**Student:** 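So that we are looking at the same thing, I have put the structure below in structure tokens.
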Amino acid sequence: MTDSTTTARDYRETLFLPKTDFPMRAGLPKAEPKWLERWNRIDLYRKQREAENALGQWTLHDGPPYANGHIHMGTALNKIHKDIVNRSHQMLGHDANYVPGWDCHGLPIEWKVEEEFRSKGRSKDDVPASEFRARCREYAAGWVDIQREEFKRLGVIGDWDDPYLTMKPQSEADICAELLKIARTVQLYRGSKPIMWSPVEQTALAEAEVEYADRRATAIYVKFPVKAYTNETLQLTIEAAEKVRSENPDGADIIAEGLNYVKRKHGEFNGAYVVIWTTTPWTIPANRAVSFSSKIQYGLYEVTEMEESDFEPWSKPGDKLIVADDLWETVSKSGLIKSANRLTDVDPKGLVLDHPLKDMADANGKYDFPVPLLEGDHVTADAGTGFVHTAPSHGEDDYIVWMSNQKKLEALGIDPVVPMTLDDKGCYTDVMPERFQGLDVIRTSGKKRGQDGKANPEVLKALVECGNLLARGVLTLRDAHSWRSKAPVIRRATPQWFISMSKAGLRDKAMAAIEQTQFWPPRGKNRLSTMVADRPDWLISRQRNWGVPITVIVHEDGRLHTERDDADAIDARILAAVEKDGVDGWFDTPVEDFLGGDADGWTKVTDILDVWFDSGCTHAFCLKRRDDLPDRADLYLEGSDQHRGWFQSSLLESCAVYGEAPYKGVMTDGFVVDNKGLKMSKSLGNTISPEDISKQFGAEIMRIWVSSSDTYNDLRIGKEIIQTNADAYRKLRNTLRYMIGALDGYSDAEAVDYADMPALEKWVLHRLSEISAQHEGWVRDHDHKRIFSTLFNFCTVDLSAFYFDIRKDALYCDPLNSTRRRACRTVMHEIFLRLTTWLAPVMCFTMEEVWQARFPSEDGSVHLETFHTCPEAWRNAEIAEAVEGVRAFRMEAYEAMEAMRKEGSLKSSLEASVRAPKSRLAKERAVLGLTDESSYEDPSNPSDVLADYLIVSKCLLNIDSDDMLVTDLKCAEDWKKCERSWKYFQGEGEITPRDAAAVAAFDQG
RNA sequence: AGGCCGGUAGCUCAGCUGGUUAGAGCGCGCCCCUGAUAAGGGCGAGGUCGGAAGUUCAAGUCUUCUUCGGCCUACCA
């Protein structure tokens, strides 16, 4: 007992201040790994699987990153985003089992490994294929391990001990099995097509495997002589056409028109040339046609005068050239033609030309075929001559034009077969005249790798010999290059395997499946369906080593083993071999073993599958294979580039085999760009690595960045943005820390019933229930940005600046067991339960730290909680409205108080006495049960007065005017500052009656 | 070149079917507190909605054009 009359007591010790060891500063970079260790120790992933999970499975199926290189911001974003989505559904009550995976086959790894061997002095041809593949496997496994650790560091939870890999033998076997299922349908076929081919790597490339870069090219103008019909050939042509006409009534008109045209015009065009322009001279020997457009106006020009020049020009006065009128000027300039007369309009329809190399030395009649003019949509008058030299074996458009004009070709007696003019190395084959055979188009080795080979000069030379080169020049153009070797890519006809989009209605099935799928954002549906609607048949074969083989056995006569009666048994043997030894099981097993006899004329296909086919099968070898996953996923979530990639390959593969999409929903992320919105690149020096952020700020900051960003569009990141998120983190951390301190020693025993709570507490519970109601909807709609900003605003605006600020007085100064104080703690506990669980999917580390601070345990985790729902009774719109009314009133008062602070009179808000019109807050006070007294009716069990809401010492509604008046109680007579609560009061003693009651209770213990 | 998408205060985001002085938080400035203290509170200044034209009584919100940025695709004969 102290003598209170003589010495002033230090009341600080009688206060109930927040008490906690919870550090204000997080030290995330060091703390996070410790939480990861804990989760690993308690096997959190397993515990989540074994939890009640009343709502059943909800599955996000992981899209496999490529097992090569460190993760970057894009992969970090994607994995964190998936993790937030997964954790949210887990806490909703689902079993959200996340099985991560990797894409392990493919060219980039193969290339790295080739380089590796090369650096050891072993060329690719010296290394046995199985050794090579074994090294690829090792290489991929190495990166899987590295990336696994990098992903785990981000806080991503999943089955890291048993992820799926496209290169596991079981996966490889399942991929083969999928292919064999397709091979049993008409959907798999062999075709020949000009495809992107890299002579340097000697492989076909998918669109995704090329990049566009500048290339210096030799551009030439070539003259194609209009065929001078002899009476004899004309007669033969007419007879052939008449025959076709009688057999094909449909095309009769066209043929008749063409014939008439030829008859009428060939005299006029005698000695004339159709001029084409090309930047790939080496394709001239493969020329089979010239394309034109009926939308372009062509004219016949007769050269009258040539420019002076140092060398003998390739044209001379009297030459007659046919060119698009819009392009004549450029053409004539390039050809050093000074002037010319335009003789007449030309409709190229029906013209037939001679090959420009027909008369070269050693042609040996190989170019004696007629070169027809074919109409093509791809022809424009933007560049060149308005005519497009067409080599069906070396261009997509060329091929299409060629194939769609089969009847016309037949009519002209032309062999429609697409010639295979180049071999794997990009050298002319023996279908070419002898002088060209073996010449390379692109140098495939040495210092000049990627530059022009011997083909171009020889073609030029031959054209000059024939007098059919009009002009030549050099220009720079953007053209396809291999993404690995950076060498130019050519288009070359080769035999390939395709999956047909139409033969079994794959396109229709896929389009229907897209209709059944939900997309976030909705525009994804449009994007995917446009792509599927337009795409050509799926080219799935690659002439490489590191991949899943096309496990098909073909007969010389063209049959596939799947057509044999014993196909089931053969398939079983193939799959067993691959299951046992991986892809080597296919390559190393003799064909007889698979066929079980009758192997004559049968050979194994040695092509491998496009890696997109591999990853398109993840649903088969992961979802359908694993017992703990459903057959179809609820969600696929990848970068928006995967509309062209995994979303599509998965869709097509699944539709081809199962007739439905492997997913119910598809969500896309935007791309990570720098703070100015530009894409990150090494050359711009604006890259940021996830590792750097983890080390400097913590993965948690990256997670907050993800959840506060608009992931449907591009996400910016930069120093300032990271700092903003770090600030947000600190704010949240402190809010939680305050609650931990305020709840020190709290137990359910002190909880106050809802009915007995002050209105302010009921308001908080109302707010919780309001947020809670929206929260579940936002989780199901993956609207994490909204969740985060709502919770953040709730913390700063509602809690920190309002509720906590008001309740500090009650918390610190009210008698320990008074209702108001206990009600506040009860409510804080409810806030804590919800806030921590709502934030846990994003701030997985800190919410665990916060949770353990309040509920320490050896093996517990906030991540085993579900979201806490709110009783319906907490909804109280009336109180909500009343509190908002008081809040608005409070802001007015603060405005007035601020003016006094500026004058220098008022300091702390507790020094203020506020007086306002008596008409104000009538309804609010009634609803909230507030008096405008400045003292409590029952000091030992205080209930709110209006002044408490304003954190002032007095608030009286007694003025007749509209003014709001603030006076400074420091200067008021009779008023003194309570030594304990720092409130100003009138009356006896050095502390207010409420504080006296609290101290008395405190002293009693 | 084509397709799709985006450009709202310094930053991150809200702004539904067009309709009062365009909102929030952060940051910033000034101030208060010193019993959440490498914390907490208050007040305030910042956008005319990338630009232009148009439709309308009325546009950030519709149309067209344009510019910048992103993803994808094609072409480059």
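Since the structure is predicted, the reported quantities are computational estimates derived from the model, not experimental observations. Order of the sequence lines fixes the chain letters, A, B, ..., with proteins taken first and strands second; residue numbering starts at 1 for each chain.
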**Student:** Looking only at atom P, what distance separates rC5(B) and rC65(B), rounded to whole Å?
**Tutor:**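 It works out to 14 Å between them.
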**Student:** Taking the P atom in each of rC11(B) and rG50(B), what is the distance between them to the nearest angstrom?
**Tutor:**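 One P to the other, the span is 13 Å.
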**Student:** Over 60° means perpendicular and under 30° means parallel, so tell me whether Trp520(A) and His782(A) are parallel, tilted or perpendicular.
**Tutor:**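 Judged by the thresholds at 30° and 60°, the geometry between Trp520(A) and His782(A) is perpendicular.
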**Student:** Select base, sugar-phosphate, or nothing to describe what Arg12(A) touches, counting heavy atoms under 4.0 Å on all strands.
**Tutor:**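 Base: the residue Arg12(A), judged by heavy atoms under 4.0 Å, touches a nucleobase.
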**Student:** Say you pick atom C1' in rU48(B) and the same atom in rG23(B); how far apart are they, in whole Å?
**Tutor:**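 Between the two C1' atoms, the distance is 14 Å.
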**Student:** Could you tell me how far rU61(B) sits from rC16(B) if I compare only their P atoms? Round to whole Å.
**Tutor:**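 The answer is 11 Å between these two P atoms.
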**Student:** Any idea which of rG42(B), rG25(B), rG70(B) is nearest the Phe671(A) side chain?
**Tutor:**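 Between rG42(B), rG25(B), rG70(B), the one nearest the side chain of Phe671(A) would be rG70(B).
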**Student:** Under 4.0 Å, heavy atoms only, any strand: does Arg980(A) hit a base, just the sugar-phosphate, or nothing?
**Tutor:**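 Base: the residue Arg980(A), judged by heavy atoms under 4.0 Å, touches a nucleobase.
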**Student:** Pick base, sugar-phosphate or nothing for Ser800(A), based on heavy-atom distances below 4.0 Å to the nucleic acid.
**Tutor:**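 If one applies the 4.0 Å heavy-atom cut-off, Ser800(A) turns out to touch a base.
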**Student:** According to the Watson-Crick and G-U wobble definitions, with both distances under 3.5 Å, which nucleotide is paired to rA74(B)?
**Tutor:**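 Result: none.
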**Student:** Can you tell me the base-pairing partner of rG69(B)? Count Watson-Crick or G-U wobble geometry only, both distances below 3.5 Å, and say none if there is no partner.
**Tutor:**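 Base-paired to rC5(B).
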**Student:** Please classify the nucleic acid contact of Asp641(A) as base, sugar-phosphate, or nothing, using heavy-atom distances under 4.0 Å.
**Tutor:**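 If one applies the 4.0 Å heavy-atom cut-off, Asp641(A) turns out to touch the sugar-phosphate alone, with no base involved.
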**Student:** With respect to the phosphate group of rG40(B), does any side-chain polar atom (N or O) of Lys808(A) fall under 4.0 Å of OP1 or OP2?
**Tutor:**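 The answer is no; no side-chain N or O of Lys808(A) sits under 4.0 Å from OP1 or OP2.
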**Student:** State plainly whether the residues Lys970(A) and Asp968(A) are in salt-bridge range, i.e. N to O under 4.0 Å.
**Tutor:**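 Salt bridge flag = yes for Asp968(A) with Lys970(A).
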**Student:** Could you give the distance separating rG40(B) and rG27(B) at their P atoms, to the nearest angstrom?
**Tutor:**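 Roughly 9 Å separates the two P atoms.
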**Student:** Quick one: look up who rC11(B) pairs with, Watson-Crick or G-U, both distances under 3.5 Å, and put none if it's unpaired.
**Tutor:**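 rG25(B) - that is the nucleotide pairing with rC11(B), both distances being under 3.5 Å.
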**Student:** Over all strands shown, is Glu979(A) touching base, sugar-phosphate only, or nothing at heavy-atom distances under 4.0 angstrom?
**Tutor:**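 Answer is base: heavy atoms of Glu979(A) come under 4.0 Å of a base.
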**Student:** For the side chain of Asp710(A), starting at C-beta, report the closest nucleotide among rC13(B), rC31(B), rC71(B).
**Tutor:**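 Between rC13(B), rC31(B), rC71(B), the one nearest the side chain of Asp710(A) would be rC13(B).
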**Student:** On RNA chain B, does the nearest nucleotide to Ser789(A) precede the nearest nucleotide to Met24(A) from the 5' side, or the other way round? Give the residue.
**Tutor:**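 Mapping each residue to its closest nucleotide by heavy atoms, the 5'-most match is Ser789(A).
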**Student:** Taking Glu979(A) for the side chain and Ile991(A) for the main chain, is one N or O donor matched with an acceptor at less than 3.5 Å?
**Tutor:**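 It does not hold such a pair.
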**Student:** Tell me the interatomic distance from Ile276(A), atom CD1, to rC76(B), atom P, rounded to whole angstroms.
**Tutor:**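 Interatomic distance, CD1 of Ile276(A) to P of rC76(B): 12 Å.
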**Student:** From rC43(B), rU37(B), rA24(B), pick the nucleotide closest to the side chain of Arg737(A)?
**Tutor:**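 Nearest listed nucleotide: rU37(B).
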**Student:** Out of the candidates Asp674(A), Thr687(A), Val672(A), only one should pair with Met73(A) under the side-chain contact (heavy atoms from CB on, under 4.5 Å) rule; please name it.
**Tutor:**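 For Met73(A), the side-chain contact (heavy atoms from CB on, under 4.5 Å) check succeeds only for Val672(A).
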**Student:** In whole Å, what is the span from the CG atom of Asp727(A) to the P atom of rA38(B)?
**Tutor:**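 Interatomic distance, CG of Asp727(A) to P of rA38(B): 16 Å.
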**Student:** Give Ala728(A) one of three labels, base, sugar-phosphate or nothing, depending on what nucleic acid heavy atoms sit under 4.0 Å from its own.
**Tutor:**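 Counting heavy atoms under 4.0 Å across all strands, no contact is made by Ala728(A).
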**Student:** Round to a whole Å and report the spacing from CG of Asp968(A) to P of rC31(B).
**Tutor:**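 Interatomic distance, CG of Asp968(A) to P of rC31(B): 19 Å.
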**Student:** Given that both distances must come in under 3.5 Å, which nucleotide forms a Watson-Crick or G-U wobble pair with rU34(B)?
**Tutor:**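 With both distances under 3.5 Å required, rU34(B) matches none.
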**Student:** Whole Å only: how far is the CG atom of Asn675(A) from the P atom of rC11(B)?
**Tutor:**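 Result: 9 Å.
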**Student:** When both hydrogen-bonding distances must be under 3.5 Å and the geometry is Watson-Crick or G-U wobble, what is rU20(B) paired with, if anything?
**Tutor:**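 Its partner is none (no Watson-Crick or G-U wobble pair with both distances under 3.5 Å).
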**Student:** Using atom P in both nucleotides, what's the gap between rG10(B) and rU17(B) to the nearest angstrom?
**Tutor:**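 Their P atoms lie roughly 26 Å apart.
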**Student:** Checking all strands, does Thr530(A) fall into the base, sugar-phosphate, or nothing category for heavy-atom contacts under 4.0 angstrom?
**Tutor:**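 Result for Thr530(A) = nothing.
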**Student:** Between the base of rC71(B) and the side chain of Arg527(A), is there a donor and acceptor pair under 3.5 angstrom?
**Tutor:**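 Between rC71(B) and Arg527(A), which were checked side chain against base, a qualifying N/O pair under 3.5 Å is present.
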**Student:** With the side chain of Asp714(A) defined as its heavy atoms from C-beta on, choose the nearest nucleotide among rG40(B), rG10(B), rG70(B).
**Tutor:**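 Looking only at heavy atoms from C-beta outward on Asp714(A), the closest nucleotide is rG70(B).
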**Student:** Just call it for Ser708(A): base, sugar-phosphate, or nothing, with non-hydrogen atoms closer than 4.0 Å on any strand.
**Tutor:**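 Sugar-phosphate: the residue Ser708(A), judged by heavy atoms under 4.0 Å, touches backbone atoms but no base.
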**Student:** How are the rings of Trp646(A) and Tyr636(A) set to each other: parallel, tilted or perpendicular (split at 30° and 60°)?
**Tutor:**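 If you compare the ring of Trp646(A) with that of Tyr636(A), the planes turn out parallel.
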**Student:** Is the side chain of Thr390(A) donor-acceptor paired with the backbone N or O of Val388(A) at a distance under 3.5 Å, no angle test?
**Tutor:**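 Side chain of Thr390(A) to backbone of Val388(A): a pair is present.
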**Student:** With rounding to the closest Å, how many angstrom separate the P atoms on rA45(B) and rA22(B)?
**Tutor:**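 To the nearest whole Å, 14 Å.
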**Student:** Does Ser908(A) or Thr711(A) map to a spot on RNA chain B nearer the 5' end, using the closest nucleotide for each?
**Tutor:**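 Residue closer to the 5' terminus by nearest nucleotide: Thr711(A).
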**Student:** Remember a base hit wins even if backbone is also touched, and classify Ile721(A) as base, sugar-phosphate or nothing at under 4.0 Å, heavy atoms.
**Tutor:**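 It contacts sugar-phosphate atoms only.
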**Student:** What integer distance in Å separates Glu895(A):CD from rC31(B):P?
**Tutor:**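 Answer to the nearest Å: 19 Å.
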**Student:** Just one of Thr790(A), Leu791(A), Asp783(A) clears the side-chain contact (heavy atoms from CB on, under 4.5 Å) bar with Ile787(A), so which one?
**Tutor:**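 That would be Leu791(A); it is the only one of Thr790(A), Leu791(A), Asp783(A) passing the side-chain contact (heavy atoms from CB on, under 4.5 Å) with Ile787(A).
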**Student:** Whether Lys907(A) contacts rC32(B) is assessed here as follows: a side-chain N or O lying under 4.0 Å from the phosphate OP1 or OP2. Is that the case?
**Tutor:**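 Yes, such a contact exists.
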**Student:** Using the side-chain heavy atoms of Lys731(A), tell me which of these nucleotides is nearest: rC26(B), rG41(B), rG35(B).
**Tutor:**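 Of the candidates, rG41(B) comes closest.
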**Student:** Which nucleotide sits closest to the side chain of Met531(A): rC72(B), rA36(B), rC43(B)?
**Tutor:**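 Nearest listed nucleotide: rC72(B).
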**Student:** When the distance from CD of Glu903(A) to P of rC31(B) is rounded to whole Å, what number comes out?
**Tutor:**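 Those two atoms, CD and P, are 15 Å apart.
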**Student:** From C-beta outward on Leu678(A), which listed nucleotide comes closest to its side chain: rC43(B), rG35(B), rG70(B)?
**Tutor:**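 Of rC43(B), rG35(B), rG70(B), rG70(B) is nearest to the side chain of Leu678(A).
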**Student:** Choose from rG15(B), rA24(B), rC5(B) the nucleotide whose nearest atom is closest to any side-chain atom of Arg786(A).
**Tutor:**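 Nearest to the side chain of Arg786(A) among the choices is rG15(B).
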**Student:** Surrounding CG of Asp10(A) (heavy atoms of other residues, nucleotides or ligands, distance under 6.0 Å), is the total greater than 12?
**Tutor:**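 Atom CG in Asp10(A) is packed in, count exceeds 12.
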**Student:** Look at all strands and tell whether His643(A) reaches a base, only sugar-phosphate, or nothing, counting heavy atoms closer than 4.0 Å.
**Tutor:**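 Answer is nothing: His643(A) stays at 4.0 Å or more from every strand.
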**Student:** Taking atom P of rG29(B) as reference, at what distance in whole Å does atom NZ of Lys902(A) sit?
**Tutor:**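 Roughly 14 Å, once rounded to whole Å.
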**Student:** Among rA36(B), rG70(B), rG25(B), which nucleotide has an atom closest to any side-chain atom of Phe804(A)?
**Tutor:**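 Looking only at side-chain atoms, Phe804(A) lies closest to rA36(B).
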**Student:** Find the partner of rU63(B): check Watson-Crick (N1-N3 plus N6-O4 or O6-N4) and G-U wobble (N1-O2, O6-N3) distances, both under 3.5 Å, and reply none if neither fits.
**Tutor:**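 The answer is rA53(B), by the H-bond criterion.
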**Student:** Atom CE in Met531(A), atom CZ in Arg644(A): separation rounded to 0.5 Å?
**Tutor:**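 Here the rounded value is 4.5 Å.
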**Student:** Do the side-chain N or O atoms of Tyr738(A) get closer than 4.0 angstrom to the phosphate oxygens (OP1, OP2) of rU37(B)?
**Tutor:**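 Result: no.
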**Student:** Determine the interatomic distance between P on rC26(B) and the same-named atom on rC43(B); round to the nearest Å.
**Tutor:**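 rC26(B) and rC43(B) have their P atoms separated by 12 Å.
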**Student:** Measure the distance between the ring centre of Trp982(A) and the centre of the six-membered base ring of rG35(B), then answer whether it is under 5.5 Å with planes under 30°.
**Tutor:**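 Trp982(A) vs rG35(B): stacking yes.
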**Student:** Select base, sugar-phosphate, or nothing to describe what Gly677(A) touches, counting heavy atoms under 4.0 Å on all strands.
**Tutor:**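 Sugar-phosphate, no base atom in range.
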**Student:** Specify the glycosidic conformation (syn or anti) of rG50(B), with syn defined as within 90° of 0.
**Tutor:**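 Anti, since the glycosidic angle lies more than 90° from 0.
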**Student:** Please name the residue in the list Arg994(A), Arg821(A), Arg825(A) that meets the salt bridge (Lys or Arg N to Asp or Glu O under 4.0 Å) test with Asp814(A).
**Tutor:**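 The option that passes is Arg994(A).
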